[in-house]
Amino acid sequence: MNIQDTLSSTEQKVDNSEKIKIYLCGVTVYDESHIGHARTIIVFDVLRKYLENKKKEVELIQNFTDVDDKIINRANDEGIPAHEISKRYIENYFRDFDQLNIKRATNYPKATEHIEDIIEFIKKLIEKGIAYPSENGVYFSVSKFPEYGKLSKKKIDELKSGSRIQVDETKKDPLDFAVWKFSDVGPTWESPWGKGRPGWHIECSVMSMKYLGGNFDIHGGGRDLIFPHHENEIAQSEAHSDGKFAKIWMHVGMVTIAGEKMSKSLGNTKSIKYVLENWGPNIIRLFCLSGHYSKVLDYSEEMLKENLTKWRQVETCYFELIHANSDQQENISEKIRNISTEFDKSLEDDLNTHLALSSFFELVKETNRLAAEEKLGIENSLIIKKEFERIAQILGLNIPEMSQEEKQKIDNLILNRKKCREQKQFEEADRIRDQLNEMNVELIDHKQKTIWMKKEKIKSEK
RNA sequence: GGUACUCUGGCAGAACGGUUAUGCGUGAGCCUGCAAAGCUUAUACAAGGGGGUUCGACUCCCUCGGGUACCUCCA
């Protein structure tokens, strides 16, 4: 499998070893997660599930930044301790992402639980003369790391001249960034240099190396993290270990809304909670996977609606498969094998989910065609269903299970309706159909039989 | 200003040096008691502008222009 690497600007082969180690920069837990966060995490979820489908063991580490000025500000606004803010939003995070059918990461380390490791890490940087304590904190000396700027393709000189940040006189160089900030208020920890809290970037260097070691396979996150976050991580980590930090840097494009980046500061976010309520997890996933992960994705209700149409086709396909009982068989196995190969090929090539989805819809269409022509036999349906389930699993699409009682009830109602129709009691037949519709059950009348599908309830429909 | 990404039909969106996917939408038809869903089929002057390389470019190069992101809050 190849992934575009931001650092080398080339496609790189994902290591073929048995175990793939991935570090994904998670969220700062100070507010509700939005669709932008969802996209990044869905992309990595698909990457992971694909690799696992290929029998790779994946170790996925995703951090929570749980100490940060934003968290502290919010805590001050609400008059409660900072850890209560982070606790609340970590809970909300799992509420949202479990619903989005994201497989839980191997571990979700938190900055506040790794203060000792962070201090040790900083100690070594100071010993090596790469970091230095100053009046307001401990700083990383950018000039000591000649390769600084290699990820974001920035020249140190240009950064200096273009620098619009306030110059902190206590720093040796305006580009130097804090690895430890002195503070007396908010959550603080003792350190050899003074009371305070870690800088933002240091936690990812420390935790990724702690859990994955040096030179792990993929380090990822949103595009907006390239600079300064990932640039600084590389500097700290490689200065610390003298070895290569991550093999591949994978960055997911921004979600925009009306052409503008979705972000808290612009106040144009759509929270996952809100979108889930209105569209449900499957449509969100289809939407987030509808373009290449590296490109910008523009959020709009129209696009979600388009994906609703697609999702209904997927549901139809699934229910046709489980109700298949025709005698006629068309030889389908080669076609399905080709679809399967194409699907994998698309993902192998820099996780091209859009092309992969095209293959999936080919399978859906083929199934629905056979069903429409009353040619979907049990044997074929089993072949197709196996592939359908494999693909759905990788993409994280999920058709909710139903209870036996509910199925029984539906079957009985359909039987009654059939009798009514045979006796041309259409009013009664339509009443039963309406009753089923209220249960989100839609009937599909074929020539020989009627099948049903249980549709996911989508609030925004109609 | 610097850097990166980007500009494909009404919309979304891929691949590819020669045939320009796919989906949505739209039209027609099939099926139906009527619907719905589905299927079949049709539909599109498609490549920001201008140069160049080439027998041939949407695909490579140059140039001009538009958009977005980042340039110490950010997924």
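What you see below is based on every heavy atom in this structure, not just the backbone, and it leaves out hydrogens, waters and symmetry mates. Throughout, protein chains are lettered first and strands after them, A, B, ... in sequence-line order, and every chain is numbered starting at 1.
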*Taking NZ, NE, NH1 and NH2 as the nitrogens, is one of them in Lys70(A) or Asp31(A) under 4.0 Å from a carboxylate oxygen of the other?*
no
*How would you label the contact of Gly26(A) with the nucleic acid (heavy atoms, under 4.0 Å): base, sugar-phosphate, or nothing?*
sugar-phosphate
*asked:* Short of 4.0 Å, heavy atom to strand atom, which residues of residues 310-320 of chain A count as contacting RNA chain B?
replied: Lys310(A), Gln313(A), Thr316(A)
_Check this for me: does the side-chain of Lys447(A) come within 3.5 Å of the base of C31(B) through a donor and an acceptor?_
no
*Under 4.0 angstrom, heavy atoms only, what part of the nucleic acid is Arg421(A) near: base, sugar-phosphate, or nothing?*
base
*Whole-Å C1' distance, A28(B) and G33(B)*: 23 Å
*Can you tell me how far P in A47(B) sits from the matching atom in A37(B), rounded to whole Å?*
34 Å
*Is Lys155(A) touching bases, backbone alone, or none of the nucleic acid, heavy atoms closer than 4.0 Å?*
nothing
_Looking only at the side chains, is there a donor atom on one of Thr6(A) and His251(A) sitting less than 3.5 Å from an acceptor on the other?_
yes
*Considering only heavy atoms and no angle criterion, is a donor-acceptor pair shorter than 3.5 Å present between the side chain of Asp445(A) and the base of A35(B)?*
yes
*Between Gly220(A) and Leu370(A), just flag the one whose closest nucleotide in RNA chain B comes earlier from the 5' side.*
Leu370(A)
*What does Leu357(A) touch in the nucleic acid at a heavy-atom separation under 4.0 angstrom: a base, only the sugar-phosphate, or nothing?*
nothing
*What distance, rounded to whole Å, do you find between the two C1' atoms, one in C11(B) and one in G2(B)?*
35 Å
*To the nearest Å, how far apart are Trp249(A) CH2 and A4(B) C1'?*
16 Å
*Specify the separation, in whole Å, of atom NZ of Lys181(A) and atom C1' of U72(B).*
10 Å
*Write down the distance separating the P atoms in A21(B) and U43(B), rounded off to the nearest Å.*
12 Å
_Using the C1' atom as the point on both nucleotides, what is the distance between G49(B) and A15(B), in whole Å?_
25 Å
*Are the charged groups of Asp69(A) and Arg197(A) less than 4.0 angstrom apart, N to O?*
yes
*asked:* Please give the stem ranges for RNA chain B, sorted by first residue number, where a stem is three or more consecutive Watson-Crick or G-U pairs and both donor-acceptor distances are under 3.5 Å.
replied: B:1-7 with B:65-71, B:10-12 with B:22-24, B:25-30 with B:38-43, B:48-52 with B:60-64
_So, does Lys455(A) get its side chain near the phosphate of A36(B), meaning an N or O under 4.0 Å from OP1 or OP2?_
no
_Does Lys172(A) qualify as a cation-pi partner of Tyr132(A), given the criterion of NZ or CZ under 6.0 Å from the six-membered ring centre and within 45 degrees of its axis?_
yes
*Considering only atom P, compute the distance from G66(B) to G23(B) and round it to an integer number of Å.*
36 Å
_Between Lys447(A) and Glu373(A) (salt bridge meaning N to carboxylate O under 4.0 Å), is one present in this structure?_
no
*Check every strand shown and say whether Val27(A) touches a base, only sugar-phosphate, or nothing at a heavy-atom separation below 4.0 Å.*
sugar-phosphate
_Is the phosphate of C74(B) approached by Trp200(A) (side-chain N or O, under 4.0 Å from OP1 or OP2)?_
yes
*Is it true that Arg74(A) and Glu78(A) make a salt bridge, defined as a side-chain N closer than 4.0 Å to a carboxylate O?*
yes
*asked:* Using a 4.0 Å heavy-atom cut-off, does Leu355(A) contact any base of the nucleic acid, only the sugar-phosphate backbone, or nothing at all?
replied: base
*Counting only non-hydrogen atoms, which of residues 262-273 of chain A are less than 4.0 Å from RNA chain B?*
Met262(A), Ser265(A)
*Pairwise P distance, C24(B) and U3(B) [rounded to whole Å]*: 42 Å
*Could you tell me the separation between the CD1 atom of Ile72(A) and the P atom of C73(B), rounded to a whole number of Å?*
15 Å
*Give the rounded distance in Å between these two atoms: CD of Gln4(A) and C1' of A14(B).*
16 Å
*Looking just at side-chain N and O atoms, do Asn380(A) and Gln329(A) make a donor-acceptor pair shorter than 3.5 Å?*
yes
*Quick one: do Lys150(A) and Glu238(A) make a salt bridge, cutoff under 4.0 Å?*
yes
*So which of Lys310(A), Glu456(A), Glu315(A) actually passes side chain to side chain donor-acceptor pair (under 3.5 Å) with Asn282(A)?*
Glu456(A)
*asked:* Using atom P in both nucleotides, what's the gap between A44(B) and C64(B) to the nearest angstrom?
replied: 37 Å
*Think Lys295(A) has a side-chain N or O under 4.0 angstrom from the OP1 or OP2 of C7(B)?*
yes
*asked:* How many whole angstroms separate atom CD of Glu231(A) from atom P of A69(B)?
replied: 21 Å
*May I ask you to say whether Lys21(A) pairs ionically with Glu59(A), meaning some side-chain N is under 4.0 Å from a carboxylate O?*
no
*Does any residue of residues 424-433 of chain A have a heavy atom under 4.0 Å from RNA chain B, and if so, which ones, in number order?*
Phe426(A), Asp430(A), Arg433(A)
*Atom CZ of Phe177(A) to atom P of C74(B): distance rounded to whole Å?*
13 Å
*Mind checking Met303(A) for me? I need base, sugar-phosphate or nothing, with any heavy atom below 4.0 Å counting as a touch.*
sugar-phosphate
*Give Ser359(A) one of three labels, base, sugar-phosphate or nothing, depending on what nucleic acid heavy atoms sit under 4.0 Å from its own.*
nothing
*Listed in order of residue number, which residues of residues 336-354 of chain A have a non-hydrogen atom at under 4.0 Å from RNA chain B?*
Asn352(A), His354(A)
*Calculate the interatomic distance between Leu286(A) atom CG and C24(B) atom P; express it in whole Å.*
12 Å
*Partners meeting ring-ring contact (aromatic ring centres under 6.0 Å, His included) with Tyr148(A) (sequence neighbours left out)*: none
*When you measure from the side chain of Asp224(A), which nucleotide among C11(B), C70(B), C39(B) comes out closest?*
C70(B)
*May I ask you to verify if any side-chain N or O of Lys305(A) is less than 4.0 angstrom from the OP1 or OP2 atom of A12(B)?*
no
_Atom pair distance, as rounded to whole Å: CG in Leu321(A) and P in G38(B)_ = 15 Å
*asked:* Mind checking if Lys365(A) touches a base, just sugar-phosphate, or nothing, with heavy atoms under 4.0 Å?
replied: sugar-phosphate
*Describe the nucleic acid contact of Gly36(A) in one word from base, sugar-phosphate, nothing, applying a heavy-atom distance below 4.0 Å.*
base
